[in-house]
J.: 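Shown below is the structure under consideration.
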Amino acid sequence: MATESSPVIQQVGRSPDVTNADVCNDMYHPDLESAATSLLRDRYGRSLQFRDLYSDSKAIIIFVRNFLCYTCKEYVEDLAKIPKSYLQAADVRLIVIGQSSYLHIQHFCDVTGYSHEIYVDTNRDIYCKLGMKKGESSGASAGSPHVKSNIITGSIKSIWRAMESPAFDFQGDPAQQGGAVIVGPGM
């Protein structure tokens with residue numbers, strides 16, 4: 001049973017037979033405390049620590065696979081529809097974190113319509129410390145109401161976005177999986 005000082009942490013979808021090779025830097029257990037001082041960059045390249053996102057207020061933090069991932073794009077398009085007034089009334093921040101260069105943030109916001117907070121973990125340091133796994137799994141997003149494209153049209157759209165982006169690259173490790181955390185002061 002979790003106490004007030006120990007957050008409930010659950011990795012959804014992880015099977016018991018996962019090997020350490022499937023997770024960044026051979027980490028298995030999420031470690032919010034060690035991730036707290038990891039650096040993020042905003043759309044202008046300014047640095048801040050991960051803990052700055054949740055030290056003063058509650059935050060829902062979504063880690064996307066990469067900015068070219070079509071399922072992530074479509075999910076963030078839906079997140080963009082959440083009115084800021086709802087978040088303010090709930091006293092919570094909605095934050096997206098990607099794992100590319102900060103130079104890709106503005107383009108991603110332009111194509112998704114996302115206007116809430118967004119940052120990048122360029123070296124995937126936080127992804128690794130939180131135990132987010134690597135590797136592809138087909139059908140993982142099947143049935144999600146957020147995903148509107150199939151794998152063929154989604155992949156073609158992703159390639160097209162890569163060609164239109166400021167720098168033609170993968171915009172992060174294509175095998176890196178994402179995740180979500182809900183955190184707040186004292187965590």
Side-chain angles (χ1 to χ4, degrees), residues 7-13 30 32 35-36 38-122 124 126-127 130-133 139-151 153-154 157-158 160-162 164-166 171-172 176-187:
V8 176
I9 300 174
Q10 179 181 1
Q11 179 89 16
V12 178
L32 188 61
S38 296
L39 292 179
L40 294 166
R41 293 201 181 273
D42 68 10
R43 70 181 72 221
Y44 305 106
R46 295 179 298 219
S47 296
L48 71 154
Q49 291 185 339
F50 180 55
R51 70 171 155 221
D52 295 336
L53 303 181
Y54 59 86
S55 61
D56 295 329
S57 64
K58 295 175 285 186
I60 300 167
I61 304 174
I62 309 296
F63 291 85
V64 296
R65 295 181 63 225
N66 61 66
F67 289 154
L68 290 178
C69 168
Y70 73 91
T71 58
C72 298
K73 176 196 170 279
E74 293 176 358
Y75 181 53
V76 172
E77 286 172 337
D78 284 353
L79 292 175
K81 296 173 185 173
I82 299 171
K84 290 186 187 232
S85 60
Y86 287 15
L87 298 169
Q88 290 167 343
D91 193 28
V92 67
R93 298 165 70 181
L94 178 60
I95 301 166
V96 168
I97 295 178
Q99 43 111 13
S100 70
S101 165
Y102 73 90
L103 298 173
H104 294 293
I105 292 175
Q106 188 58 54
H107 183 69
F108 185 71
C109 290
D110 291 345
V111 300
T112 59
Y114 187 79
S115 63
H116 304 294
E117 295 179 71
I118 185 167
Y119 303 94
V120 290
D121 175 12
T122 305
R124 297 182 305 108
I126 300 165
Y127 284 77
L130 295 182
M132 293 179 197
K133 73 183 209 177
S141 61
S144 170
H146 303 289
V147 180
K148 292 106 183 146
S149 301
N150 64 40
I151 193 166
T153 60
K157 289 175 186 177
S158 292
W160 183 254
R161 278 197 329 277
E164 290 183 318
S165 72
Q171 299 184 24
Q176 180 64 58
Q177 296 298 305
V181 294
I182 301 171
V183 290
M187 297 183 129

J.: Are any non-hydrogen side-chain atoms of I182 and K58 less than 4.5 angstrom apart?
T.: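 They are not in side-chain contact.
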
J.: Check whether any side-chain heavy atom of Q99 lies under 4.5 Å from a side-chain heavy atom of T122, and answer yes or no.
T.: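 When only atoms from C-beta onward are counted, T122 and Q99 do not touch, as no gap falls below 4.5 Å.
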
J.: State, with a plain yes or no, whether a side-chain heavy atom of I97 is found less than 4.5 Å away from one of L53.
T.: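 Of all side-chain heavy-atom pairs linking L53 with I97, at least one is under 4.5 Å.
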
J.: Only one of I105, L103, V111 clears side-chain contact (heavy atoms from CB on, under 4.5 Å) with H107; which?
T.: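 That would be V111.
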
J.: Kindly indicate whether the side chain of L40, heavy atoms from C-beta on, has any atom under 4.5 Å from the side chain of F50.
T.: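 When only atoms from C-beta onward are counted, F50 and L40 do touch, with a gap below 4.5 Å.
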
J.: With the side chain counted from C-beta on, respond yes when D121 and S38 share a heavy-atom pair under 4.5 Å apart, and no when they do not.
T.: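 Result no, sub-4.5 Å side-chain heavy-atom pair not found.
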
J.: Does the side chain of Y119 reach to within under 4.5 Å of the side chain of I95, using non-hydrogen atoms?
T.: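 Sidechains of I95 and Y119: in contact.
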
J.: Do the rings of F67 and F108 sit parallel, tilted or perpendicular, given the 30° and 60° boundaries?
T.: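 F67 vs F108 ring planes: parallel.
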
J.: Are any of the side-chain heavy atoms of L87 and H116 separated by less than 4.5 Å?
T.: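 A side-chain contact exists here, since the closest heavy-atom pair is under 4.5 Å.
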
J.: To the nearest 0.5 Å, how far apart are NZ in K81 and OH in Y86?
T.: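 So the NZ of K81 and the OH of Y86 are separated by 13.5 Å.
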
J.: Between E77 and K73 (salt bridge meaning N to carboxylate O under 4.0 Å), is one present in this structure?
T.: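 K73 and E77: salt-bridged.
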
J.: Mind checking the CG-SG spacing from N66 to C72? Nearest 0.5 Å is all I need.
T.: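 It is 6.5 Å, given to the nearest 0.5 Å.
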
J.: Would you say the side chain of L32 lies within less than 4.5 Å of the side chain of V181, judging by non-hydrogen atoms?
T.: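 Counting from C-beta outward, V181 and L32 never come under 4.5 Å.
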
